[in-house]
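Okay, structure first, notes after.
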Amino acid sequence: MLKWRDRSPQQWQEFVNQEVCVTAHDQQSFEGRVFTVDPVSASVVLVSFPETKRPSVKVILGHAVTDVQILGSGTKESESRMKSLFLPDRTQVLSA
Amino acid sequence: SPRFLALCPTTLSSSSSSGAVDEEEQRLRSDLRERFLRTLLLMTDKQVEFNMHEKVRVRARFGASDIDVLNFQVSGLETPLGVQKEALLRCQDVISCSFEL
């Protein structure tokens, strides 16, 4: 499998809206739902919605990512819930 | 730079040389990038926790990133030696950063 940084936008796109576990340097791991993967730096943006706390956003820098495992797939609802965090109300919806 | 590599991929396979595929890839790329830029916008002026190598954790107010994501500009960086009013963090030294909404 290609290194994370060297993958194509199509391959990154497949992770968007999926529940994943990202493994990084120093054996650290991060769980959350993928909002995007920056095509320039290969950084992964994860969102999580803890039940009792405020939503949190984590950015894992592309150079540190060693592996990404899919834990579960997303739904239309999870996608629109994520988008509502990032997009101001008046902006048009991002294309599918 | 990473940006140059992203914009001028050297790994495009010869089978994907048709215009339609390139266009589709470019569309995906711009969607992903727009989302990332919106993340940076959302992060601006928030207290962000930076998780660095050797399990060092520092907090600071996020200001901006350069386009190649090589440096982050932050304010009020809380280091073990005191608070640094303005600082640049090298992204190579950062593993992850997180903030709450």
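Residue numbering restarts at 1 for every chain, and letters A, B, ... go by the order of the sequence lines. This is a predicted model, so every value here is computed, not measured.
- Follow the hydrophobic side-chain contacts under 4.5 Å out from Phe86(A) and you never reach Leu41(B); the two are in separate clusters.
- Two different hydrophobic clusters hold Ile60(A) and Leu37(B) under the rule that ILVMFWY side chains link at heavy-atom gaps under 4.5 Å.
- The CG atom of Leu28(B) sits 5.5 Å away from atom CD of Gln10(A), with the distance rounded to the nearest 0.5 Å.
- Proximity of a side-chain donor or acceptor of Thr36(A) to a complementary backbone N or O of Arg35(B) within less than 3.5 Å is not detected.
- Ionic pairing of Lys55(B) and Asp26(A) is not present here: no N-O contact between side-chain nitrogen and carboxylate oxygen is shorter than 4.0 angstrom.
- Two different hydrophobic clusters hold Trp4(A) and Val69(B) under the rule that ILVMFWY side chains link at heavy-atom gaps under 4.5 Å.
- Grouping the Ile, Leu, Val, Met, Phe, Trp and Tyr side chains by contacts below 4.5 angstrom, directly or via other members, places Val74(B) with Val57(A).
- Put simply, OG on Ser41(A) and CD1 on Ile67(B) are 12.0 Å apart, with the number rounded to the nearest 0.5 Å.
- At a 4.5 Å heavy-atom cutoff, the contact between Glu54(B) and chain A is made by backbone atoms alone.
- Among Val44(A), Val45(A), Leu2(A), Asp38(A), the residue making the largest number of heavy-atom pairs under 4.5 Å with chain B is Asp38(A).
- Looking at Leu85(A), both its backbone and its side chain come within 4.5 Å of chain B, counting heavy atoms on both sides.
- Of the listed residues (Cys97(B), Ser30(B), Cys91(B)), the one with the most heavy-atom contacts under 4.5 Å to chain A is Cys97(B).
- A distance of 10.5 Å separates NZ of Lys58(A) from CD of Glu49(B), quoted to the nearest 0.5 Å.
- Looking at Val59(A), the atoms closer than 4.5 Å to chain B (heavy atoms on both sides) sit in the backbone and in the side chain alike.
- Listed in order of number, the residues of residues 61-75 of chain A that approach chain B to under 4.5 Å between heavy atoms are Leu61(A), His63(A), Ala64(A).
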- So Phe99(B) and Ser56(A), side chain to side chain contact (heavy atoms under 4.5 Å, CB included) or not? Walk me through it. CA-CA 6 Å; Phe99(B) 61 98; Ser56(A) 74; over 6 Å; no
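- When heavy atoms are compared at a cutoff of 4.5 Å, Leu32(B) approaches chain A by way of both its backbone and its side chain.
- The local environment of NZ in Lys46(B) is crowded, with over 12 non-hydrogen atoms from other residues, nucleotides or ligands closer than 6.0 Å.
- Within the model, atoms CZ of Arg29(B) and CD of Gln13(A) stand 12.5 Å from one another, a figure rounded to the nearest 0.5 Å.
- A heavy-atom distance below 4.5 Å is found between the side chains of Phe30(A) and Asn51(B).
- Met43(B) and Leu101(B) fall within the same hydrophobic cluster, where Ile, Leu, Val, Met, Phe, Trp and Tyr residues are linked whenever their side-chain heavy atoms come under 4.5 Å apart, directly or through other members.
- Within residues 16-25 of chain A, the residues approaching chain B closer than 4.5 Å by heavy atoms are, in numerical order, Val16(A), Ala24(A), His25(A).
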